[in-house]
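For reference, the structure is listed below as structure tokens.
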Amino acid sequence: MIANIWSAKVCRAVLGAWMLTLLVACTLTLPVTSSAFAESTNHLIEIKGFVYDPVTLNVNAGDSITWVNNDFVSHTATAVLASSQNEVSEVSNLQYWTTEEILPGGKETMLVEQSMILEYFCKYHPSMKASIARN
Amino acid sequence: MKMNLKTASFLGAAILTSCTLSAQSQSPAELNDLQIAHVAYIADNIDIQYAHLALALSENPTVREFAQTMVRDHNGVNAQALALLKKLDAQPQNNFLSESLQADAKGIINNLASLRGAEFDRAYAENELAYHQAVNGLIENTFIPNIDNAEVKALFIAGLEIFKAHEAAAKLMVSNVR
């Protein structure tokens, strides 16, 4: 009887531990599993005539963006840093990014991250501006 | 006072460039495609010369970044122009406007080379704005309407997009170095 009670307690404890383990495992693995199944997209932005096309692009974190330069001079895609004191506080937690020089006929690819700055420009030709919009 | 005189003299030279472009006894509107190509090639090289001077004399990051872009872009445009001339089996032809531009540039370079520090930065920035405004006006209003060859015209239209972006960047640079 004692053995049975002990046995039942052990069984409950083992079962409880197993269920807890299962729960923790599910909690830990579910987001990874769901993101692993989510489709990541590679978006294309054409640079032609000193314009980024599309000028606004909707993306998800984990997607990638490829800029293709069809002009005959080099460009970049470079995050716009805050230009005023008010903007500093808004973007201080956001991540600065830039592509390398995108040569004429060349391309550069970048991974979309959750905390990246959304406005960007060409650092060689600051009048060229565009933005990323996260879904 | 000496600095102001130098700046005034330099600005006079820049304005003279604009006048030279629009008021010659020989008209830019009468140039043929190969003469226009020569003017464009000379104008590109003049801006590259200004940029090299800026890279040698300026420590201002905005000025240096702009000058590097001028070297990169104008060399890119020249490479395209030379490739097209080779394809067309044509040689650019020297003319009064090319010579006038070179003469003006010589004076401007002499003035710029005598300046240092913030004074140089301001003079370089203002000259870049004036120079791009003058040359862009000439390309848009005189050259493009008068070019006969379709491929040469297309190259000038593409070039004008680049030079207008330079003009916008020069405007920003002027306000940054003031």
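Throughout, protein chains are lettered first and strands after them, A, B, ... in sequence-line order, and every chain is numbered starting at 1.
For the residue pair A:Phe72 and B:Ala158, the shortest heavy atom distance occurs at CE2-CB, 3.7 Å. When every heavy atom of A:Lys123 is checked against every heavy atom of B:Glu65, the shortest pair comes out as O-OE2, 3.8 Å.
The number of heavy-atom neighbours closer than 6.0 Å to CD of B:Gln68, taken from other residues, nucleotides and ligands shown, is above 12. Taking a 6.0 Å sphere around CD of B:Gln91, one finds it holds 12 or fewer heavy atoms contributed by other residues, nucleotides or ligands.
In this structure, the portion of B:Leu172 lying under 4.5 Å from any heavy atom of chain A is its side chain and not its backbone. Heavy atoms closer than 4.5 Å to chain A are found in the side chain of B:His166, but not in its backbone. Within the 4.5 angstrom heavy-atom criterion, atoms from both the backbone and the side chain of B:Ala165 approach chain A.
With rounding to the nearest 0.5 Å, the separation of CD in B:Glu161 from NE2 in A:His125 is 11.5 Å. Annotation: the span from B:Asp73 atom CG to A:Tyr124 atom OH amounts to 9.5 Å, rounded to 0.5 Å. Here the OG atom belonging to A:Ser127 is positioned 11.5 Å from the NZ atom belonging to B:Lys164, to the nearest 0.5 angstrom.
Cluster membership for A:Val68 and A:Ile102, using ILVMFWY side-chain heavy atoms within less than 4.5 angstrom, is not shared. In the hydrophobic clustering of ILVMFWY residues, with side-chain heavy atoms under 4.5 Å counting as a link, B:Ile144 and B:Leu34 come out apart. Transitive grouping of hydrophobic side chains (ILVMFWY, heavy atoms separated by less than 4.5 Å) keeps B:Phe120 and B:Val174 in distinct clusters. Following chains of ILVMFWY side-chain contacts shorter than 4.5 Å, one can reach B:Val135 starting from B:Phe96, so the two form part of one hydrophobic cluster.
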